[in-house]
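Any value given below was found using the heavy atoms of this structure, including those in side chains, with hydrogens, waters and symmetry copies removed.
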Amino acid sequence: MLRPQAARWLEVLCSRRDGVRTVATLAATGALEVELRRAAPTEQPLRHLAAGLAEYERLHARYGRYWERGRLRQSPLVGSPDALLDLTLGRLGAWRREADPLIVALQADEEELAHLRWLTKIIAHLTAGQLDYRLVSECGPVLATFCAILPREADPRLPASVIARRVPWDDQQCLLILGPAAGIAAAKRQVQAVKGRIIERPAWLRGDATEAGLQLRARCQALATGIVHRYAELDALFEDFALGDVLGEVAWLAWFARHVGALERAGDQLVWITGWTDDPHGGALIDALAHSQTRALLRLAEPPPAVRAPQILVNPRWLRPFELFTRALGAPDADEADPTPILAVVVPLLFGYMFGDLGQGLVLALLGGWLDRRSRGRRETARPLARLILVCGLASMAFGVLFGSLFGREDLIPALWLHPLDEPVRVLAVPLAFGVGLLSLGQVLAGFGVGRGDGLVRWLHLDAGLLLVYLGLLGWLLHPGAAWLVWPGLAWYLVGALTLSGRWSGRLAALGELVERALQLLVNTLSFARVGAFALAHAALSAAIVTMAAAAPAGADLAILIAGNLVIIALEGLVVSIQTTRLVLFEFFNRFLHGGGRVFRPLPPPPAMVGVA
């Protein structure tokens with residue numbers, strides 16, 4: 001912790017025939033980033049399969065949603081990749097001859113079902129009207145009808161010969177249009193011109209709205225049953241042609257061609273797979289190779305010279321939600337500190353101070369816990385945010401106890417510290433003191449990050465003196481008698497500048513940099529006053545809601561309290577989150593973190609397969 005670690009360089013030796021499978025097996029762990037060694041001879045093992053893979057991609061775009069219903073199975077490669085691709089394309093050709101008629105009928109049924117469901121929804125709004133499709137049908141080819149779904153802002157220029165009835169709809173316009181055949185054709189063109197959707201009335205639809213609704217529901221049920229049967233037939237064809245045994249392997253070939261493309265040659269029959277891993281000991285990679293029975297040798301080695309390693313954040317699981325702030329700037333470089341453990345303290349304190357309320361914090365904590373449970377088993381991108389909400393909610397509850405605030409009311413629980421509106425000066429002063437400590441810590445982290453070498457020498461000569469000047473200026477502002485504290489820091493900085501730079505121009509530049517950076521630190525310190533200001537604003541808004549509820553008639557007070565607290569949670573929660581992020585990124589990180597490291601970007605996982613055939 002507090003320092004990123006370089007990713008490990010790995011080298012895997014395997015046969016050319018097993019190259020694609022080996023890369024896919026390692027990528028499935030999420031711990032492999034492929035990078036070829038510079039000036040090494042390379043080859044594109046699938047270049048001669050480009051035409052076949054392009055044909056597979058074309059077929060996948062058309063039939064992929066039907067193949068995904070089947071089980072893709074991992075099986076030993078049949079001969080070589082080109083033999084496997086030929087076998088797959090041959091099976092797909094035979095499968096298409098039997099599947100295409102089913103798919104055409106299935107798509108027609110799905111399209112009809114979608115239109116009929118729209119029409120059912122439209123007619124459901126007309127049950128109290130005088131709609132009767134018998135009147136239209138008895139007029140033969142003279143009259144016709146159709147329905148149109150239009151964007152809300154659309155204004156089609158319908159012919160004067162048609163009648164349009166507006167039907168209540170959600171966020172779009174819905175029109176039921178009746179008129180002579182010629183007018184209906186012109187109306188359809190106008191609807192299409194404004195990007196509207198046309199829903200035709202089936203010729204078999206008869207009767208008033210109630211009768212038509214019954215007919216539509218019966219037809220929709222019949223279509224849904226037929227669609228289920230056709231999907232079952234397609235699933236049976238998938239197994240009859242054993243597509244699962246070959247499509248999985250070809251999907252890996254296509255994945256390899258898109259994301260890797262080339263490997264390093266190691267003679268006529270072998271290839272190297274080289275790159276980076278965030279698995280420090282390679283245990284997960286070795287287990288994956290052993291489980292897949294792939295013939296390959298893996299070793300972790302020193303990276304080639306002049307190759308820049310990705311930087312990995314190494315933190316316990318409970319700290320990883322706070323990596324969201326660090327990753328917002330990229331990745332810390334090797335000479336930068338990883339502030340994630342510090343953020344686990346700083347972020348909840350800042351958020352909780354500005355949003356201190358026991359009840360409102362409880363709502364946020366419950367929301368975060370609910371989102372965390374919902375995100376389990378899914379992609380990990382949502383879980384860190386949910387856990388941040390949970391932690392910040394708990395911090396708000398803690399400060400709510402200190403401030404004696406429960407859903408904005410200060411008469412239900414005692415304040416263990418103070419009521420913000422009673423002592424506004426102290427509420428503003430505490431965040432300023434906190435900001436001084438945090439910015440000073442940022443200066444120290446700048447020295448910790450460089451660790452040793454020229455960077456540490458510069459920090460000791462200049463930045464350490466700047467820190468003393470900053471603390472001396474703050475002491476001077478608080479008490480004029482403390483002005484002497486500035487001079488030791490100034491002397492330290494000037495001596496350091498004289499030591500590092502042999503020219504007067506460089507020394508003058510260092511002095512100008514001292515003035516600029518000291519003023520910048522003072523301005524950054526004042527930024528933390530907004531923490532106290534938002535704490536006061538939150539308390540004032542809560543007090544306003546409570547006052548409004550107290551003045552409301554009996555029965556309305558509870559509604560005002562509930563609605564007011566919901567507004568505070570939504571509005572203030574968003575604003576406080578933004579301010580917390582701003583203080584962390586632009587005030588704290590600005591001292592030591594620039595995100596100049598290389599981000600570890602593992603290969604996306606290959607298409608999943610269920611097992612070995």
For His538 and Glu572, indicate whether the former's side chain and the latter's backbone hold a donor-acceptor pair under 3.5 Å. no
Taking atom CG of Asn315 and atom CD of Glu323, what is their separation to the nearest 0.5 Å? 4.5 Å
Could you please spell out the steps behind the side chain to side chain contact (heavy atoms under 4.5 Å, CB included) verdict for His259 and Trp255? CA-CA 6 Å; His259 299 289; Trp255 169 87; 3.2 Å; yes
Would you compute the distance between atom OH of Tyr470 and atom CD of Gln520 and round it to the nearest 0.5 angstrom? 11.5 Å
May I ask you to test the Gln172-Trp169 pair for a side-chain heavy-atom distance under 4.5 Å? yes
Looking at side-chain heavy atoms only, is the closest gap between Phe256 and Leu603 below 4.5 Å? no
Return the minimal non-hydrogen interatomic distance between Pro339 and Phe588, and the atom names on each side. CB-CE2, 4.3 Å
What pair of heavy atoms forms the shortest contact from Ala6 to Ile312, and how long is it? C-CG1, 4.5 Å
Donor-acceptor pair, distance only, cut-off 3.5 Å: does the side chain of Thr277 make one with the backbone of Ala31? yes
Test side chain to side chain contact (heavy atoms under 4.5 Å, CB included) applied to Asp333 and Leu593, step by step: CA-CA 8 Å; Asp333 209 342; Leu593 182 63; over 6 Å; no
Nearest heavy atoms of Ser396 and Phe351, plus distance in Å: OG-CE2, 3.3 Å
Got Arg320 and Pro384 here, is their nearest side-chain heavy-atom distance under 4.5 Å? no
Can we say Arg383 and Asp372 salt-bridge, meaning some charged N sits less than 4.0 Å from an Asp/Glu carboxylate O? yes
Side chain to side chain contact (heavy atoms under 4.5 Å, CB included) evaluation trace for Phe322 with Arg387: CA-CA 9 Å; Phe322 298 94; Arg387 292 175 179 177; over 6 Å; no
Considering only NZ, NE, NH1 and NH2 on the basic side and carboxylate oxygens on the acidic side, decide whether Glu35 and Arg308 come within less than 4.0 Å. no
Hey, what's the ring geometry for Phe589 with Phe592, parallel, tilted or perpendicular (30° and 60° as the breaks)? perpendicular
Charged N-O contact under 4.0 Å between Arg3 and Asp338: no
Looking at Asp557 and Ala550, would you say the former's side chain and the latter's main chain have a donor-acceptor pair under 3.5 Å? no
Using atom types as modelled and distance alone, determine if a side-chain donor or acceptor of Gln311 lies under 3.5 Å from a backbone N or O of Pro332. no
For Asp278 and Gly30 the tightest heavy-atom approach is OD1-O, 4.4 Å
Test your reading of the model: is there a side-chain donor-acceptor pair from Tyr353 to the backbone of Val430, 3.5 Å cut-off? no
pair Val347-Thr580: side-chain heavy atoms closer than 4.5 Å: yes
With a 4.5 Å limit on heavy-atom distance, are the side chains of Asp279 and Leu10 in contact? no
Report the C-alpha separation of Glu110 and Arg65 in whole Å, then their side-chain angles, then the decisive distance to 0.1 Å, and conclude whether the salt bridge (Lys or Arg N to Asp or Glu O under 4.0 Å) test is met. CA-CA 14 Å; Glu110 288 178 332; Arg65 73 185 186 98; 2.9 Å; yes
Does Cys220 reach the side chain of Arg117, with side-chain heavy atoms less than 4.5 Å apart? yes
Say you draw a straight line from NE2 of His115 to CD1 of Ile199; how long is it, rounded to the nearest 0.5 Å? 6.0 Å
Are any side-chain N or O atoms of Asp357 and backbone N or O atoms of Gln360, one a donor and one an acceptor, separated by less than 3.5 Å? yes
Strictly distance-based, threshold 3.5 Å: is any side-chain N or O of Arg409 a donor or acceptor partner for the main-chain N or O of Leu406? no
Value for CZ (Arg530) from CG (Leu428), rounded to nearest 0.5 Å, stands at 12.5 Å
Please walk me through it: do Phe355 and Leu364 pass side chain to side chain contact (heavy atoms under 4.5 Å, CB included)? CA-CA 11 Å; Phe355 198 79; Leu364 283 182; 3.6 Å; yes
Any side-chain heavy-atom pair from Phe586 and Thr581 closer than 4.5 angstrom? no
Shortest non-hydrogen contact from Val167 to Ile122? CG1-O, 3.9 Å
Is Arg197 paired with Glu111 through a side-chain N to carboxylate O contact shorter than 4.0 Å? no
What are the two closest non-hydrogen atoms of Leu421 and Ala543, and how far apart are they? CD1-CB, 4.2 Å
Would you call Trp276 and Pro303 a side-chain contact if the rule is heavy atoms closer than 4.5 Å? yes
In Å, rounded to the nearest 0.5 Å, how long is the span from CG of Leu216 to CH2 of Trp118? 15.0 Å
Gln173 side chain to Pro151 backbone, donor-acceptor under 3.5 Å: yes
If you round to the nearest 0.5 Å, how far is CZ of Phe403 from CG of Asp422? 11.5 Å
